[in-house]
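Please read the structure below before turning to the comments.
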Amino acid sequence: MVEDQKQEGLSLLELKNQSFLTYMANLVYLTLRKLKGLKIEKDSSIDRLVEARVVLERIRPLEDKLKYQIDKHVKTAADGVVSADDTLRLTGNLDNIVSSSDDDEEKEVTSKVKKTDDEEQKIYKIPKITQAHYDGEAKKNEAKEKARRRTLNSSMLRDALLEHTEDPEVVYNNDVLKQRAIKKRRELEVFEEENMIRKVVSRRDKAAMRQMTTLGTMGSEILGFNTMDALQHDYDPSAPAAKRQKTGKSSKSKGKGKFKGKKGFKKQKHRF
Amino acid sequence: FCVDPKHEIMGKESETTATVRTRKFLTNRLLNRKQMVVDVLHPDRATVPKSEIKEKLAKMYKTTGDVVFCFGFRTAFGGGKSTGFALIYDTLDYAKKIEPKYRLVRQGLLEVKKTARKQRKERKNRMKKARGTAKAKLAAATKK
(Lines give C-alpha, C1' and ligand atoms only; values in the text may rest on other atoms or scores of the structure.)
Protein backbone atom coordinates (compact mmCIF):
# COMPACT_ATOMS: atom_id res chain seq x y z
CA MET A 1 0.00 0.00 0.00
CA VAL A 2 1.42 3.28 -1.02
CA GLU A 3 1.07 5.84 1.71
CA ASP A 4 1.67 9.46 1.07
CA GLN A 5 3.49 10.65 4.14
CA LYS A 6 3.33 14.31 3.28
CA GLN A 7 -0.46 14.52 2.85
CA GLU A 8 -3.16 13.51 5.29
CA GLY A 9 -5.77 11.05 4.14
CA LEU A 10 -5.98 9.10 0.93
CA SER A 11 -6.12 10.71 -2.49
CA LEU A 12 -9.12 9.87 -4.61
CA LEU A 13 -7.18 8.44 -7.52
CA GLU A 14 -5.04 6.37 -5.20
CA LEU A 15 -8.19 4.95 -3.65
CA LYS A 16 -9.55 4.20 -7.07
CA ASN A 17 -6.37 2.38 -8.09
CA GLN A 18 -6.30 0.29 -4.95
CA SER A 19 -9.95 -0.69 -5.13
CA PHE A 20 -9.53 -1.66 -8.78
CA LEU A 21 -6.55 -3.84 -7.85
CA THR A 22 -8.43 -5.63 -5.07
CA TYR A 23 -11.37 -6.13 -7.39
CA MET A 24 -9.20 -7.67 -10.08
CA ALA A 25 -7.26 -9.85 -7.66
CA ASN A 26 -10.37 -11.25 -6.01
CA LEU A 27 -12.07 -11.80 -9.34
CA VAL A 28 -9.12 -13.74 -10.67
CA TYR A 29 -9.06 -15.83 -7.49
CA LEU A 30 -12.71 -16.74 -7.87
CA THR A 31 -12.24 -17.58 -11.54
CA LEU A 32 -9.33 -19.90 -10.69
CA ARG A 33 -11.41 -21.64 -8.06
CA LYS A 34 -14.22 -22.21 -10.53
CA LEU A 35 -11.80 -23.55 -13.14
CA LYS A 36 -10.56 -26.07 -10.63
CA GLY A 37 -14.11 -27.14 -9.92
CA LEU A 38 -14.30 -25.83 -6.37
CA LYS A 39 -17.30 -24.06 -4.89
CA ILE A 40 -17.23 -20.31 -4.35
CA GLU A 41 -20.20 -20.25 -2.01
CA LYS A 42 -19.86 -18.02 1.05
CA ASP A 43 -16.29 -17.20 0.21
CA SER A 44 -14.89 -14.12 1.91
CA SER A 45 -13.51 -12.86 -1.39
CA ILE A 46 -17.06 -12.20 -2.53
CA ASP A 47 -17.50 -9.72 0.31
CA ARG A 48 -14.30 -8.02 -0.70
CA LEU A 49 -15.52 -7.84 -4.27
CA VAL A 50 -18.78 -6.27 -3.23
CA GLU A 51 -16.99 -3.76 -1.07
CA ALA A 52 -14.61 -2.76 -3.88
CA ARG A 53 -17.52 -2.44 -6.28
CA VAL A 54 -19.44 -0.16 -3.96
CA VAL A 55 -16.38 2.02 -3.45
CA LEU A 56 -15.87 2.35 -7.18
CA GLU A 57 -19.47 3.27 -7.79
CA ARG A 58 -19.35 5.92 -5.12
CA ILE A 59 -16.15 7.36 -6.55
CA ARG A 60 -17.61 7.74 -10.02
CA PRO A 61 -19.69 10.91 -9.50
CA LEU A 62 -16.82 12.56 -7.66
CA GLU A 63 -14.54 11.66 -10.48
CA ASP A 64 -16.95 13.10 -13.00
CA LYS A 65 -16.74 16.39 -11.23
CA LEU A 66 -12.95 16.38 -11.34
CA LYS A 67 -12.81 15.08 -14.91
CA TYR A 68 -11.75 18.35 -16.47
CA GLN A 69 -8.84 18.88 -14.08
CA ILE A 70 -7.67 15.29 -14.34
CA ASP A 71 -7.70 15.37 -18.13
CA LYS A 72 -5.79 18.60 -18.16
CA HIS A 73 -3.08 17.29 -15.86
CA VAL A 74 -2.83 13.99 -17.71
CA LYS A 75 -2.40 15.78 -20.99
CA THR A 76 0.24 18.06 -19.57
CA ALA A 77 2.08 15.10 -18.12
CA ALA A 78 1.84 13.17 -21.39
CA ASP A 79 2.94 15.99 -23.67
CA GLY A 80 5.47 17.48 -21.35
CA VAL A 81 4.89 20.93 -22.79
CA VAL A 82 2.01 23.29 -22.31
CA SER A 83 1.09 25.14 -25.47
CA ALA A 84 -0.13 28.71 -25.23
CA ASP A 85 -3.40 28.33 -27.10
CA ASP A 86 -4.25 24.90 -25.73
CA THR A 87 -8.04 24.49 -25.62
CA LEU A 88 -7.84 22.97 -22.14
CA ARG A 89 -6.22 26.08 -20.79
CA LEU A 90 -9.06 28.40 -21.71
CA THR A 91 -10.89 29.73 -18.69
CA GLY A 92 -13.24 32.65 -18.20
CA ASN A 93 -11.74 36.07 -17.71
CA LEU A 94 -13.49 37.57 -14.74
CA ASP A 95 -12.56 41.13 -15.69
CA ASN A 96 -14.41 40.88 -18.93
CA ILE A 97 -17.74 40.23 -17.25
CA VAL A 98 -19.50 43.60 -17.28
CA SER A 99 -22.87 44.18 -15.67
CA SER A 100 -25.75 44.98 -17.99
CA SER A 101 -26.55 48.27 -16.26
CA ASP A 102 -23.13 49.64 -17.16
CA ASP A 103 -23.82 48.92 -20.82
CA ASP A 104 -27.05 50.82 -20.72
CA GLU A 105 -25.44 53.76 -19.04
CA GLU A 106 -22.95 54.08 -21.85
CA LYS A 107 -25.73 54.13 -24.36
CA GLU A 108 -27.53 56.80 -22.35
CA VAL A 109 -24.59 59.15 -22.63
CA THR A 110 -24.32 58.83 -26.37
CA SER A 111 -28.02 59.30 -26.96
CA LYS A 112 -29.47 62.76 -27.54
CA VAL A 113 -31.77 62.87 -24.53
CA LYS A 114 -29.61 63.26 -21.44
CA LYS A 115 -31.13 62.22 -18.16
CA THR A 116 -29.75 63.05 -14.76
CA ASP A 117 -28.06 60.46 -12.60
CA ASP A 118 -30.97 60.43 -10.18
CA GLU A 119 -33.43 59.53 -12.88
CA GLU A 120 -31.16 56.81 -14.22
CA GLN A 121 -31.02 55.16 -10.83
CA LYS A 122 -34.77 55.39 -10.40
CA ILE A 123 -35.71 53.84 -13.71
CA TYR A 124 -35.37 50.09 -13.69
CA LYS A 125 -34.01 48.68 -16.90
CA ILE A 126 -34.82 45.10 -17.68
CA PRO A 127 -31.63 43.27 -18.64
CA LYS A 128 -31.90 41.95 -22.18
CA ILE A 129 -29.63 38.97 -21.71
CA THR A 130 -31.97 36.13 -20.79
CA GLN A 131 -34.90 35.17 -22.90
CA ALA A 132 -38.26 35.01 -21.23
CA HIS A 133 -40.35 31.91 -21.81
CA TYR A 134 -43.51 32.55 -23.77
CA ASP A 135 -46.20 29.98 -23.51
CA GLY A 136 -49.20 31.81 -24.87
CA GLU A 137 -49.77 29.38 -27.69
CA ALA A 138 -49.45 26.34 -25.47
CA LYS A 139 -52.00 27.76 -23.03
CA LYS A 140 -54.60 28.27 -25.71
CA ASN A 141 -54.15 24.74 -26.96
CA GLU A 142 -54.34 23.52 -23.39
CA ALA A 143 -57.68 25.23 -22.84
CA LYS A 144 -59.01 23.76 -26.06
CA GLU A 145 -57.82 20.29 -25.12
CA LYS A 146 -59.33 20.62 -21.69
CA ALA A 147 -62.72 21.68 -23.03
CA ARG A 148 -62.65 18.85 -25.51
CA ARG A 149 -61.81 16.31 -22.86
CA ARG A 150 -64.51 17.69 -20.60
CA THR A 151 -67.25 17.20 -23.18
CA LEU A 152 -65.99 13.78 -24.17
CA ASN A 153 -65.93 12.61 -20.59
CA SER A 154 -69.30 14.08 -19.70
CA SER A 155 -71.91 11.58 -18.70
CA MET A 156 -74.15 12.61 -21.58
CA LEU A 157 -71.67 11.65 -24.27
CA ARG A 158 -70.52 8.63 -22.36
CA ASP A 159 -74.05 7.24 -22.32
CA ALA A 160 -74.43 7.96 -26.01
CA LEU A 161 -71.19 6.25 -26.95
CA LEU A 162 -71.86 3.31 -24.66
CA GLU A 163 -74.10 1.59 -27.14
CA HIS A 164 -71.55 1.78 -29.96
CA THR A 165 -68.54 0.41 -28.13
CA GLU A 166 -67.67 -3.24 -27.60
CA ASP A 167 -65.64 -2.70 -24.46
CA PRO A 168 -67.05 -4.12 -21.25
CA GLU A 169 -68.86 -1.53 -19.16
CA VAL A 170 -66.93 -0.49 -16.07
CA VAL A 171 -68.75 0.87 -13.05
CA TYR A 172 -66.65 2.93 -10.68
CA ASN A 173 -67.56 3.35 -7.10
CA ASN A 174 -65.64 6.50 -6.23
CA ASP A 175 -67.11 9.91 -6.71
CA VAL A 176 -64.38 12.37 -7.62
CA LEU A 177 -66.12 15.46 -6.35
CA LYS A 178 -66.99 13.83 -3.08
CA GLN A 179 -63.44 12.64 -2.58
CA ARG A 180 -62.18 16.11 -3.20
CA ALA A 181 -64.58 17.57 -0.67
CA ILE A 182 -63.63 14.96 1.89
CA LYS A 183 -59.97 15.65 1.31
CA LYS A 184 -60.50 19.38 1.71
CA ARG A 185 -62.36 18.94 4.93
CA ARG A 186 -59.70 16.68 6.33
CA GLU A 187 -57.03 19.19 5.41
CA LEU A 188 -58.94 21.89 7.24
CA GLU A 189 -59.32 19.68 10.27
CA VAL A 190 -55.64 18.90 10.40
CA PHE A 191 -54.76 22.57 10.08
CA GLU A 192 -57.14 23.56 12.86
CA GLU A 193 -55.89 20.95 15.28
CA GLU A 194 -52.27 21.66 14.49
CA ASN A 195 -52.55 25.39 15.11
CA MET A 196 -55.27 25.36 17.79
CA ILE A 197 -57.37 27.81 15.85
CA ARG A 198 -60.79 27.72 14.26
CA LYS A 199 -60.66 28.89 10.70
CA VAL A 200 -63.46 31.05 9.41
CA VAL A 201 -65.07 29.23 6.50
CA SER A 202 -66.85 31.48 4.07
CA ARG A 203 -70.52 30.94 3.42
CA ARG A 204 -69.89 29.63 -0.03
CA ASP A 205 -67.29 27.12 1.11
CA LYS A 206 -69.52 25.99 3.94
CA ALA A 207 -72.39 25.42 1.54
CA ALA A 208 -70.11 23.52 -0.79
CA MET A 209 -68.88 21.28 2.01
CA ARG A 210 -72.42 20.55 3.15
CA GLN A 211 -73.58 19.93 -0.39
CA MET A 212 -70.95 17.32 -1.12
CA THR A 213 -72.04 15.08 1.68
CA THR A 214 -75.66 14.99 0.61
CA LEU A 215 -76.96 12.56 -1.99
CA GLY A 216 -78.26 15.32 -4.22
CA THR A 217 -74.89 15.97 -5.80
CA MET A 218 -75.38 13.46 -8.56
CA GLY A 219 -78.28 15.36 -10.09
CA SER A 220 -76.43 18.03 -11.95
CA GLU A 221 -73.90 15.55 -13.26
CA ILE A 222 -76.42 13.14 -14.70
CA LEU A 223 -78.97 15.61 -15.99
CA GLY A 224 -76.57 18.29 -17.17
CA PHE A 225 -76.43 19.17 -20.81
CA ASN A 226 -73.15 19.73 -22.65
CA THR A 227 -72.89 21.48 -25.98
CA MET A 228 -70.77 19.91 -28.68
CA ASP A 229 -68.86 23.11 -29.41
CA ALA A 230 -65.64 21.89 -27.90
CA LEU A 231 -65.38 19.05 -30.40
CA GLN A 232 -65.30 21.35 -33.41
CA HIS A 233 -61.94 22.09 -34.99
CA ASP A 234 -62.22 25.84 -34.84
CA TYR A 235 -63.28 26.00 -31.23
CA ASP A 236 -61.88 28.98 -29.38
CA PRO A 237 -62.36 28.63 -25.61
CA SER A 238 -61.70 32.30 -24.92
CA ALA A 239 -64.41 33.58 -27.27
CA PRO A 240 -67.87 34.10 -25.76
CA ALA A 241 -70.34 31.29 -26.30
CA ALA A 242 -72.56 31.76 -29.33
CA LYS A 243 -76.05 32.90 -28.51
CA ARG A 244 -79.12 31.28 -29.87
CA GLN A 245 -79.51 32.07 -33.55
CA LYS A 246 -82.34 34.47 -34.25
CA THR A 247 -84.94 33.32 -36.74
CA GLY A 248 -85.73 35.30 -39.90
CA LYS A 249 -88.75 37.06 -38.50
CA SER A 250 -87.86 39.66 -35.91
CA SER A 251 -90.23 40.63 -33.12
CA LYS A 252 -90.74 44.07 -34.62
CA SER A 253 -92.50 42.71 -37.65
CA LYS A 254 -94.89 40.71 -35.55
CA GLY A 255 -98.45 41.82 -35.10
CA LYS A 256 -100.41 43.61 -37.83
CA GLY A 257 -98.66 43.58 -41.17
CA LYS A 258 -99.25 47.19 -42.09
CA PHE A 259 -97.58 49.10 -39.34
CA LYS A 260 -94.04 47.81 -38.87
CA GLY A 261 -91.16 49.29 -36.89
CA LYS A 262 -90.83 53.02 -36.17
CA LYS A 263 -93.06 54.31 -38.90
CA GLY A 264 -95.77 51.94 -37.89
CA PHE A 265 -95.68 53.14 -34.34
CA LYS A 266 -95.95 56.76 -35.39
CA LYS A 267 -98.90 56.00 -37.58
CA GLN A 268 -100.59 54.21 -34.75
CA LYS A 269 -100.27 57.26 -32.54
CA HIS A 270 -102.03 59.49 -35.00
CA ARG A 271 -104.96 57.22 -34.98
CA PHE A 272 -106.20 58.58 -31.70
CA PHE B 1 -43.95 13.31 23.50
CA CYS B 2 -46.34 10.44 23.26
CA VAL B 3 -50.04 11.11 23.16
CA ASP B 4 -51.62 10.59 26.55
CA PRO B 5 -55.28 9.66 26.14
CA LYS B 6 -56.75 10.48 29.52
CA HIS B 7 -60.48 10.41 29.96
CA GLU B 8 -62.90 11.05 32.77
CA ILE B 9 -66.52 10.05 33.17
CA MET B 10 -68.89 12.79 34.31
CA GLY B 11 -72.07 11.86 36.03
CA LYS B 12 -73.24 14.27 38.71
CA GLU B 13 -75.54 16.85 37.23
CA SER B 14 -76.58 15.40 33.86
CA GLU B 15 -78.81 12.42 33.24
CA THR B 16 -76.33 10.71 30.96
CA THR B 17 -72.58 10.78 31.29
CA ALA B 18 -70.16 12.55 29.07
CA THR B 19 -66.57 11.56 28.41
CA VAL B 20 -63.72 14.02 28.03
CA ARG B 21 -60.67 12.85 26.10
CA THR B 22 -57.57 14.78 25.16
CA ARG B 23 -55.49 14.38 22.03
CA LYS B 24 -52.37 15.94 20.58
CA PHE B 25 -51.07 16.92 23.95
CA LEU B 26 -48.11 19.28 23.82
CA THR B 27 -46.18 21.05 26.55
CA ASN B 28 -45.38 24.50 25.29
CA ARG B 29 -42.39 25.61 27.37
CA LEU B 30 -42.12 28.90 25.51
CA LEU B 31 -45.55 30.03 26.63
CA ASN B 32 -45.56 28.13 29.91
CA ARG B 33 -48.60 26.10 29.16
CA LYS B 34 -49.93 22.76 28.06
CA GLN B 35 -52.07 22.74 24.95
CA MET B 36 -54.29 19.97 23.69
CA VAL B 37 -57.24 19.04 21.54
CA VAL B 38 -60.26 18.03 23.59
CA ASP B 39 -62.85 15.48 22.44
CA VAL B 40 -66.10 15.33 24.38
CA LEU B 41 -68.44 12.39 23.84
CA HIS B 42 -71.96 13.20 25.02
CA PRO B 43 -74.58 10.91 23.52
CA ASP B 44 -78.21 11.77 24.34
CA ARG B 45 -77.18 15.16 25.58
CA ALA B 46 -76.77 18.69 24.28
CA THR B 47 -73.33 20.21 23.86
CA VAL B 48 -71.52 20.26 27.16
CA PRO B 49 -70.91 23.80 28.49
CA LYS B 50 -67.33 25.03 28.69
CA SER B 51 -67.43 25.41 32.46
CA GLU B 52 -68.07 21.70 32.93
CA ILE B 53 -65.28 20.78 30.58
CA LYS B 54 -63.00 23.20 32.40
CA GLU B 55 -63.68 21.53 35.73
CA LYS B 56 -63.12 18.09 34.30
CA LEU B 57 -59.84 19.06 32.72
CA ALA B 58 -58.67 20.69 35.94
CA LYS B 59 -59.32 17.47 37.78
CA MET B 60 -57.56 15.40 35.11
CA TYR B 61 -54.45 17.52 35.13
CA LYS B 62 -54.52 18.26 38.85
CA THR B 63 -54.72 22.02 38.66
CA THR B 64 -57.23 24.62 39.64
CA GLY B 65 -59.96 25.58 37.23
CA ASP B 66 -58.87 29.16 36.77
CA VAL B 67 -55.74 28.35 34.76
CA VAL B 68 -57.67 26.17 32.32
CA PHE B 69 -58.94 27.92 29.21
CA CYS B 70 -61.04 26.01 26.72
CA PHE B 71 -62.40 27.37 23.46
CA GLY B 72 -63.39 26.55 19.93
CA PHE B 73 -65.85 23.75 20.63
CA ARG B 74 -67.66 22.47 17.58
CA THR B 75 -70.27 19.75 17.70
CA ALA B 76 -70.18 17.20 14.94
CA PHE B 77 -73.22 16.83 12.71
CA GLY B 78 -75.81 14.62 14.39
CA GLY B 79 -74.63 15.45 17.87
CA GLY B 80 -72.95 13.25 20.43
CA LYS B 81 -69.40 14.45 19.88
CA SER B 82 -67.72 17.83 20.12
CA THR B 83 -64.13 18.82 19.53
CA GLY B 84 -62.33 21.85 20.88
CA PHE B 85 -59.07 23.11 22.28
CA ALA B 86 -57.79 23.69 25.79
CA LEU B 87 -54.81 25.46 27.30
CA ILE B 88 -53.59 24.87 30.85
CA TYR B 89 -51.19 27.48 32.16
CA ASP B 90 -48.54 26.98 34.82
CA THR B 91 -49.65 29.92 36.89
CA LEU B 92 -52.37 32.50 36.75
CA ASP B 93 -49.80 35.26 36.17
CA TYR B 94 -48.64 33.67 32.97
CA ALA B 95 -52.23 33.16 31.94
CA LYS B 96 -53.00 36.84 32.45
CA LYS B 97 -49.96 37.87 30.46
CA ILE B 98 -50.38 35.58 27.52
CA GLU B 99 -54.06 34.90 26.97
CA PRO B 100 -55.99 37.24 24.71
CA LYS B 101 -58.27 39.70 26.44
CA TYR B 102 -61.56 38.23 25.30
CA ARG B 103 -60.76 34.87 26.83
CA LEU B 104 -59.83 36.46 30.12
CA VAL B 105 -63.14 38.31 30.06
CA ARG B 106 -64.94 35.01 29.48
CA GLN B 107 -63.21 33.49 32.45
CA GLY B 108 -64.03 36.50 34.56
CA LEU B 109 -60.44 37.56 35.25
CA LEU B 110 -60.69 40.82 33.39
CA GLU B 111 -63.34 43.48 33.15
CA VAL B 112 -63.62 45.79 30.21
CA LYS B 113 -65.38 49.02 30.93
CA LYS B 114 -67.22 50.38 28.01
CA THR B 115 -69.32 53.47 27.88
CA ALA B 116 -72.74 53.12 26.38
CA ARG B 117 -72.86 53.04 22.62
CA LYS B 118 -75.20 55.98 22.39
CA GLN B 119 -72.90 58.09 24.53
CA ARG B 120 -69.89 57.21 22.42
CA LYS B 121 -71.69 58.20 19.26
CA GLU B 122 -72.88 61.46 20.77
CA ARG B 123 -69.37 62.30 21.85
CA LYS B 124 -68.09 61.63 18.34
CA ASN B 125 -70.73 63.89 16.87
CA ARG B 126 -69.84 66.67 19.31
CA MET B 127 -66.19 66.37 18.41
CA LYS B 128 -67.05 66.72 14.75
CA LYS B 129 -68.14 70.28 15.38
CA ALA B 130 -64.79 71.33 16.89
CA ARG B 131 -61.45 71.69 15.17
CA GLY B 132 -57.83 71.68 16.34
CA THR B 133 -57.08 72.38 19.99
CA ALA B 134 -60.78 72.91 20.72
CA LYS B 135 -61.34 69.35 19.61
CA ALA B 136 -58.66 68.04 21.93
CA LYS B 137 -60.15 70.03 24.81
CA LEU B 138 -63.57 68.62 24.15
CA ALA B 139 -62.17 65.11 23.97
CA ALA B 140 -60.47 65.47 27.34
CA ALA B 141 -63.58 66.99 28.90
CA THR B 142 -66.01 64.35 27.78
CA LYS B 143 -63.71 61.37 28.34
CA LYS B 144 -64.50 59.42 31.48
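Order of the sequence lines sets the chain letters (A, B, ...), proteins ahead of strands, with each chain counted from 1.
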Practice prompt. Mark yes when over 12 heavy atoms from residues, nucleotides or ligands other than Y94(B) sit less than 6.0 Å from its OH; otherwise mark no.
Written response: no

Worksheet entry | Close side-chain approach of E193(A) to T83(B), heavy-atom, < 4.5 Å | yes

Worksheet item: Would you find more than 12 non-hydrogen atoms of other residues, nucleotides or ligands less than 6.0 Å from I197(A) atom CD1?
Response: no

Item to complete: Please say whether more than 12 non-hydrogen atoms of neighbouring residues, nucleotides or ligands are located less than 6.0 Å from CZ in R58(A).
Response: no

Fill in: Toward chain A, the part of F77(B) with a non-hydrogen atom under 4.5 Å
neither

Worksheet entry | Heavy atoms from other residues, nucleotides or ligands near CD of E51(A) exceed 12 (cutoff 6.0 Å) | no

Discussion item. For a quick test of reading the model, state the closest non-hydrogen atom pair linking F85(B) to E192(A) and the distance between them.
Written reply: CZ-O, 3.3 Å

